[in-house]
Amino acid sequence: MLAEQEALAKRDAKMVAGIRERVISGRYAVHHVTQEEVRKRWNYEEGIKRPYFHVKPLERSQLKNWRDYLEFETREGAADRIELLYERCIVSCALYEDFWMKYIKYLETTKPDMVRGIYQRACRIHLKKKPNIHLTWAAYEEAQGQIASARQVLATLDINIPHIVLVKLHRISLERRHGFNDNVIQILEEAISKSVASDSRNFYSWRLAQFLSKVVGDIAKARSVMEAAIDKDPGNKRLFQQLLSLELAQGNQVEEARVEAVFTAAQNSTALSQNAKQGFAQRRLQFLEEFGSSASALMDAHECYLKMYKKSGGGGKKRGHGQDGGSASKMARVDDGTGADDSQQASAFAKAHQALQAIQGGAATGAAVPQTAATGYTATAYGQVPAAQQQPWMQMQYATAAAAAAAAGQTTAVTGYAYPAVAGQTWTYPQYQ
């Protein structure tokens with residue numbers, strides 16, 4: 001009996017030893033794997049010096065360690081570990097929006113239903129005045145069809161950090177894309193009224209004028225916006241240029257009277273500099289050459305420009321080398337490339353103007369025909385001049401001659417650069433070399 005009990009006890013001990021060995025062997029395998037995983041992460045964990053939140057900035061080495069750790073864990077591919085590490089990271093790095101954006105980018109492909117919650121935690125608690133993540137959140141809500149939410153995100157950001165142009169432009173773009181034109185106008189008008197600096201006010205005024213003109217189609221209101229901006233900042237040359245661009249961009253046909261009104265306002269301004277006025281005078285001359293319907297207005301514009309040029313010192317004695325006389329002389333030629341002397345141009349235009357007035361008054365006879373006998377004068381019709389050689393003054397003179405001939409009732413075709421005879425004399429326009 002005793003022998004049987006001893007045998008049973010030995011068998012049980014052997015069985016327990018076998019079980020213990022199998023359990024230890026399994027636990028050892030788990031321990032080995034765990035130990036290997038800990039070893040791979042040990043350096044990253046050792047690098048985390050502040051696992052809690054604090055308003056003080058983290059050191060660069062700390063930030064680099066978190067980035068490297070996240071990249072490593074992402075490569076390892078364990079979803080639970082990645083999410084857990086991101087949650088640990090945004091506690092320590094709560095004030096750094098790039099870590100929030102990395103977390104959101106990861107969740108967009110793995111758990112998209114969590115994305116909105118992360119945006120809310122970041123923007124409503126930790127990053128109330130960080131524009132980039134708010135703008136990204138607004139774009140996300142818009143892409144999800146939540147227009148009201150996107151509008152609210154941008155409006156809240158605009159309140160938290162006012163006077164930021166980028167935020168207002170995103171608000172405007174959102175409303176415009178979805179056809180809320182009244183909201184766009186309201187945002188821009190509010191921005192204009194609240195702008196302290198003139199540069200900001202002028203910028204929003206131009207944006208509103210462009211929107212009214214190109215999207216809404218209300219050119220009258222767009223014009224009034226720019227005129228109001230000019231009234232508040234009359235010495236700003238750029239505002240006049242923008243109003244001019246607005247008038248030139250209307251429809252398929254330029255309204256000459258409207259454009260002329262802008263030039264007149266610029267010339268009559270007491271706040272603009274003389275150089276600015278001279279620039280507008282030159283641009284007016286070029287405009288009338290290309291789009292003007294009155295030869296008389298064209299001649300007046302050129303005479304006005306030459307007077308302003310001489311008044312600014314362009315008609316005085318030659319300047320020394322290195323002074324700005326050369327550039328001013330080029331401006332006086334209206335970029336025609338002919339090299340004509342200013343006094344010769346003034347004389348020729350004065351004679352042409354006199355001829356035109358005489359024709360219109362009925363005191364002159366004769367047709368506009370080429371003068372081939374006079375040395376130094378051209379007999380080539382403007383239409384026959386190769387395109388590469390055509391100059392603005394050629395087109396101006398040819399158009400004036402045609403208008404003068406038409407005013408005199410002449411039927412002879414204008415084939416050259418001569419003007420009608422006046423009191424026995426023939427006025428011609430020299431071809432300057």
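Atoms considered below: every heavy atom in the structure, side chains included; atoms not considered: hydrogens, waters and symmetry mates.
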May I ask you to test the Gln267-Met308 pair for a side-chain heavy-atom distance under 4.5 Å?
-> yes

For atom NZ of Lys128, decide whether the heavy atoms of other residues, nucleotides or ligands shown that lie under 6.0 angstrom number more than 12.
-> no

If the plane angle is over 60° it's perpendicular, under 30° parallel, otherwise tilted; pick one for Tyr52 and His54.
-> perpendicular

Can you find a pair of side-chain heavy atoms, one from Gln242 and one from Gln210, that are under 4.5 Å apart?
-> no

Taking atom types as modelled, is there a side-chain donor on Glu108 or Tyr140 under 3.5 Å from an acceptor on the other?
-> no

How are the rings of Phe240 and Phe280 set relative to one another: parallel (under 30°), tilted (30 to 60°) or perpendicular (over 60°)?
-> perpendicular

Hey, does Val216 have a side-chain heavy atom less than 4.5 Å from the side chain of Val184?
-> no

Any chance CG of Asp80 has more than 12 other-residue heavy atoms, nucleotides or ligands included, within less than 6.0 Å?
-> no

Taking the side chain as every heavy atom from C-beta outward, state whether Glu45 and Val38 have any atom pair closer than 4.5 Å.
-> no

Are the side chains of Arg41 and Arg81 in touch, meaning some heavy atoms are under 4.5 Å apart?
-> yes

Count the heavy atoms of every other residue, nucleotide or ligand shown that sit under 6.0 Å from CD of Glu59, and state whether that count exceeds 12.
-> no

Looking at side-chain heavy atoms only, is the closest gap between Phe263 and Arg283 below 4.5 Å?
-> yes

Does the side chain of Glu247 reach to within under 4.5 Å of the side chain of Glu255, using non-hydrogen atoms?
-> no

Any side-chain heavy atom of Glu141 sitting closer than 4.5 Å to one from Arg151?
-> no

Crowding at CD, Gln120 (>12 non-hydrogen neighbours, <6.0 Å) = yes

